[in-house]
There are 2 protein chains.
Amino acid sequence: MSVSSAGLRARKRQDTHARLEEAAVALVLRDGLEQTTIQAICERADVSPRTFFNYFDCKDSAILGMQQPALLDEHAQEFLRDVVHADAITAVLALLQSMFDLRSARPQIREDRLELIRRHPQLLVNQLAKVTQAHGQVAQAVQVLLRRDPRFAGHSDADLADLAEFTLGSCVVALRIATREVVAAPDDLDSDHIQQRAHWLVQQLVKEIDA
Amino acid sequence: MSVSSAGLRARKRQDTHARLEEAAVALVLRDGLEQTTIQAICERADVSPRTFFNYFDCKDSAILGMQQPALLDEHAQEFLRDVVHADAITAVLALLQSMFDLRSARPQIREDRLELIRRHPQLLVNQLAKVTQAHGQVAQAVQVLLRRDPRFAGHSDADLADLAEFTLGSCVVALRIATREVVAAPDDLDSDHIQQRAHWLVQQLVKEIDA
DNA sequence: GCTATTGTTGCAGTCAGTGCAAGTTTGCAC
DNA sequence: GTGCAAACTTGCACTGACTGCAACAATAGC
């Protein structure tokens with residue numbers, strides 16, 4: 001079962017996907033976020049502008065290599081079904097990192113993406129915001145996770161739903177800030193560092209509340 | 001100093017502003033969010049489409065009556081400079097509510113807005129997200145607030161900046177969820193209820209972290 | 001090879017949002 | 001009230017994201 005046995009169609013799809021990602025990253029790095037049009041990306045990737053939207057739902061998704069929203073839902077349910085973590089925060093942070101994994105791409109693309117995040121923090125804000133919006137399916141997966149925790153046994157479904165959404169939202173914010181911070185210091189790029197920093201942020205929040 | 005003494009120019013501006021808000025709310029309520037175009041809003045408000053952008057930066061802002069982002073910054077600094085609250089979370093929640101005050105409009109508009117939030121939760125997500133993005137000035141105001149708290153005296157500026165942004169982000173999420181929840185139960189519409197609910201969410205988050 | 005499925009593309013179109021320049025209205029000082 | 005400067009409105013032309021549709025091309029599986 002070598003890679004080439006995956007079928008011609010599937011390989012072409014992967015290839016086009018990769019070319020679009022590469023083109024998006026390279027052009028935005030060279031010309032800037034606003035200056036790069038989808039049309040330009042398509043020319044470089046040698047596909048029709050219309051085809052672009054068969055692979056990504058918007059420009060930002062191509063730049064950061066995010067999957068389509070619908071796929072995020074499935075991924076979330078699958079991920080949280082099995083994994084057992086120390087606490088819900090850790091589990092959700094891990095989920096988010098697995099959705100939006102800066103390590104997954106080829107080294108060159110990865111380095112370029114980090115630079116793009118440095119130059120355009122807005123990218124991270126916009127893309128991570130999508131996780132929150134994604135039909136609430138992700139939040140629902142978190143709710144299932146919380147229900148397994150005996151400390152939340154007494155809560156109503158409505159309370160648990162709100163709390164799940166809030167947990168997800170807060171983790172998104174923490175991960176965004178932590179990523180930006182850690183990315184700014186190139187030597188420290190490490191998913192564990194990002195996670196630690198995000199976790200630290202949540203812990204500090206505790207201190208603000210009961211004064 | 002009656003209202004009419006405010007100058008003709010200022011009064012006309014207020015009037016146009018109000019007409020645009022009314023038109024946006026009425027049309028979205030009647031036709032739906034996607035179906036309502038800026039052009040239609042302008043026709044109803046009897047102004048040119050080009051003029052719309054002298055008052056709002058996008059469609060959603062008109063629908064919910066949000067001020068321009070630049071004004072939000074000033075407001076935040078002013079608000080947090082004087083007010084002293086029990087804790088930072090409470091202060092930030094109060095700030096956000098003052099920025100985005102569902103009570104401020106005329107009764108009819110207000111009721112319609114609540115219905116629109118019920119029908120299109122996305123409105124709240126998108127608009128409150130802007131607060132986070134607004135040039136970081138709002139986050140900076142929160143940082144000043146945190147620095148006044150002796151419990152955070154030992155932190156570096158970088159830590160404090162991150163923590164301020166995280167605090168702001170979490171409060172935005174909490175307020176969004178709490179607003180949607182409270183708005184869904186029409187009898188309970190009360191800013192205090194929203195604030196209590198948001199505060200409760202943050203408190204619950206604490207319980208998730210140290211398992 | 002034949003056929004159903006899947007992917008690509010061009011086309012035509014809607015709509016948000018921007019810059020510019022010309023025209024109009026208001027504020028204000030004299 | 002005259003005249004000038006500032007603020008506001010408007011039309012125009014434009015860019016660019018994004019969508020639906022229908023024709024065409026390529027692949028998979030038999």
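Note on naming: letters A, B, ... go to the chains in the order of the sequence lines (proteins, then strands), and numbering restarts at 1 for each one.
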Next item on the list: Measure from the side-chain heavy atoms of A:F53 and tell me the nearest of D:dC18, C:dC20, D:dA26.
Entry: D:dC18

Margin query: Quick test of your reading of the model: are A:R81 and A:E78 salt-bridged, counting only N-O distances below 4.0 Å?
Written below: no

Item checked: d(CD1, B:I38; P, C:dT18) in whole Å -> 10 Å

Check: How many Å lie between CD on B:Q35 and C1' on C:dT14, as a whole number?
Finding: 13 Å

Check: Of A:F52 and A:A10, whose closest DNA chain D nucleotide lies nearer the 5' terminus?
Finding: A:F52

Check: For A:R9 and D:dA26, is the shortest distance between a side-chain N/O and OP1 or OP2 below 4.0 Å?
Finding: no

Notebook entry, point to check: Hey, does the side-chain of A:R50 have a donor or acceptor N/O within less than 3.5 Å of a partner on the base of D:dG20?
Noted result: yes

Item checked: Distance-only polar pair, side chains of A:Q108 and A:D112, donor-acceptor under 3.5 Å -> yes

Next item on the list: Between A:D57 and B:T16, just flag the one whose closest nucleotide in DNA chain D comes earlier from the 5' side.
Entry: B:T16

Next item on the list: Send over the distance from B:H17 NE2 to D:dC8 P, rounded to a whole Å.
Entry: 13 Å

Note to self: What is the distance, to the nearest angstrom, from the CD atom on A:E43 to the C1' atom on C:dT9?
What the structure shows: 15 Å

Check: Can B:T51 and B:N54 be counted as having a side-chain donor-acceptor contact under 3.5 angstrom?
Finding: no

Check: NA contact type, A:Y55, heavy-atom cut-off 4.0 Å: base, sugar-phosphate, or nothing?
Finding: sugar-phosphate

Item checked: Between C:dG7 (C1') and A:L8 (CG): distance, integer Å -> 12 Å

Margin query: Check the phosphate of D:dA26 against A:K12, side-chain N and O only, distance under 4.0 Å to OP1 or OP2. Yes or no?
Written below: no

Item checked: A:R13 side chain, from C-beta outward: closest of D:dT10, C:dG7, D:dA17 -> C:dG7

Margin query: Using whole Å, what does the distance between atom P of nucleotide D:dC8 and atom CZ of B:R11 come to?
Written below: 15 Å

Checklist line | d(CZ, B:F56; P, C:dA16) in whole Å | finding: 15 Å

Note to self: Please confirm whether the shortest side-chain N or O distance from A:S48 to OP1 or OP2 of C:dG10 is below 4.0 Å.
What the structure shows: yes

Margin query: Rounded to whole Å, please give me the gap between CD in B:E34 and P in D:dA17.
Written below: 19 Å

Item checked: Most 5' of B:Q39 and A:N54 on DNA chain C, judged by nearest nucleotide -> A:N54

Check: Hey, does the Lys NZ or Arg CZ of B:R176 hover above the aromatic six-ring of A:F166, less than 6.0 Å from the centre and inside 45° of the axis?
Finding: no

Note to self: Counting the atoms with a prime plus P, OP1 and OP2 as sugar-phosphate, which does B:T51 contact under 4.0 Å by heavy atoms, base, sugar-phosphate, or nothing?
What the structure shows: base

Check: So, A:K130 and A:S61: side-chain donor and acceptor under 3.5 Å apart, yes or no?
Finding: yes

